[in-house]
J.: 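Can you keep this structure in mind? I'll have questions shortly.
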Amino acid sequence: QIVLSESGGGSVETGGSLRLTCVASRPMYCVGWFRQAPDQEREGVASYEIGRSPTPYAVSMKGRVTISEDNAKNTVYLDMTKLQPEDSGVYYCAALERGNRYSCLTPNLRWRADYWGQGTQVTVSS
């Protein structure tokens with residue numbers, strides 16, 4: 001059974017930074033990050049075609065996030081900077097076991113992911 005484990009969430013002040021970590025129990029084709037605020041739909045933030053490159057960042061956090069991988073550790077990171085209160089929510093990582101670059105784009109990964117993590121809470125205070 002594949003397991004995705006997220007960590008790194010927490011509480012920060014406006015303008016602060018956080019690094020989220022997603023560890024998969026085995027290699028994946030694609031890993032992405034999503035977030036969900038209360039009473040909001042889950043939205044994509046960034047995704048990474050493992051061993052290749054990130055897909056285009058979502059507009060909502062573009063310029064403030066960087067997704068990266070450590071392939072040897074089956075780990076994907078999401079570095080977030082200049083955080084704002086509207087960035088608060090539960091951040092989830094999702095993984096696709098097999099696919100292509102199109103399926104790794106966050107709007108597609110949201111529906112095609114094979115696995116989801118349990119989520120990690122990010123709270124940004126003003």
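Values below: every heavy atom of this structure, side chains too, minus hydrogens, waters and symmetry copies.
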J.: Please enumerate all residues that pass side chain to side chain contact (heavy atoms under 4.5 Å, CB included) together with Pro85, with sequence neighbours excluded.
T.: Thr14, Val124, Ser126

J.: Does a side-chain heavy-atom distance below 4.5 Å link Val76 with Ile50?
T.: yes

J.: With Arg52, which residues qualify under salt bridge (charged side-chain N to carboxylate O under 4.0 Å, His left out), at least two apart?
T.: Glu49

J.: Which residues pass the side chain to side chain contact (heavy atoms under 4.5 Å, CB included) test with Val65, sequence neighbours left out?
T.: Val45, Tyr57, Met61, Leu78, Met80

J.: Do Val122 and Leu20 have side chains that approach each other closer than 4.5 Å (heavy atoms only, starting at C-beta)?
T.: yes

J.: With sequence neighbours excluded, give me every disulfide bond (SG atoms under 2.5 Å apart) pair touching residues 34-98.
T.: Cys22-Cys93

J.: Looking at residues at least two apart in the chain, or sitting in another chain, which of them share a salt bridge (charged side-chain N to carboxylate O under 4.0 Å, His left out) with Arg42?
T.: none

J.: Please identify each residue that fulfils side chain to side chain donor-acceptor pair (under 3.5 Å) with Ser53, with sequence neighbours left out.
T.: Arg101

J.: Under a 4.5 Å cut-off applied to non-hydrogen side-chain atoms, are Val23 and Leu4 in contact?
T.: no

J.: Going by disulfide bond (SG atoms under 2.5 Å apart), name the pairs with one or both residues in residues 96-126, residues two or more places apart or in two chains.
T.: Cys30-Cys104

J.: Going by salt bridge (charged side-chain N to carboxylate O under 4.0 Å, His left out), name the residues that satisfy it together with Glu13, two or more places apart in sequence or in a different chain.
T.: none

J.: Can you list every side chain to side chain donor-acceptor pair (under 3.5 Å) pair that touches residues 76-95, not counting sequence neighbours?
T.: Arg19-Asp79, Arg35-Asp87, Arg35-Tyr91, Arg64-Asp87

J.: Do the side chains of Val90 and Thr120 get nearer than 4.5 Å, heavy atoms only?
T.: no

J.: Quick one: which residue pairs count as a ring-ring contact (aromatic ring centres under 6.0 Å, His included) with a foot in residues 20-46, not counting sequence neighbours?
T.: Phe34-Trp116

J.: Using the side chain to side chain donor-acceptor pair (under 3.5 Å) rule, collect all pairs that involve residues 103-112, keeping only residues at least two apart or in two chains.
T.: Asn100-Ser103

J.: Going from CE on Met28 to CG on Asn74, what distance comes out if it is rounded to the nearest 0.5 angstrom?
T.: 8.0 Å

J.: Any side-chain to backbone donor/acceptor pair from Glu6 onto Thr21? Under 3.5 Å, distance only.
T.: no

J.: Kindly give the cluster partners of Tyr102, where membership spreads through any ILVMFWY side chain lying under 4.5 Å from a current member.
T.: Leu105

J.: Taking the side chain as everything from C-beta on, heavy atoms only, tell me whether Gln36 gets closer than 4.5 Å to Glu43.
T.: no

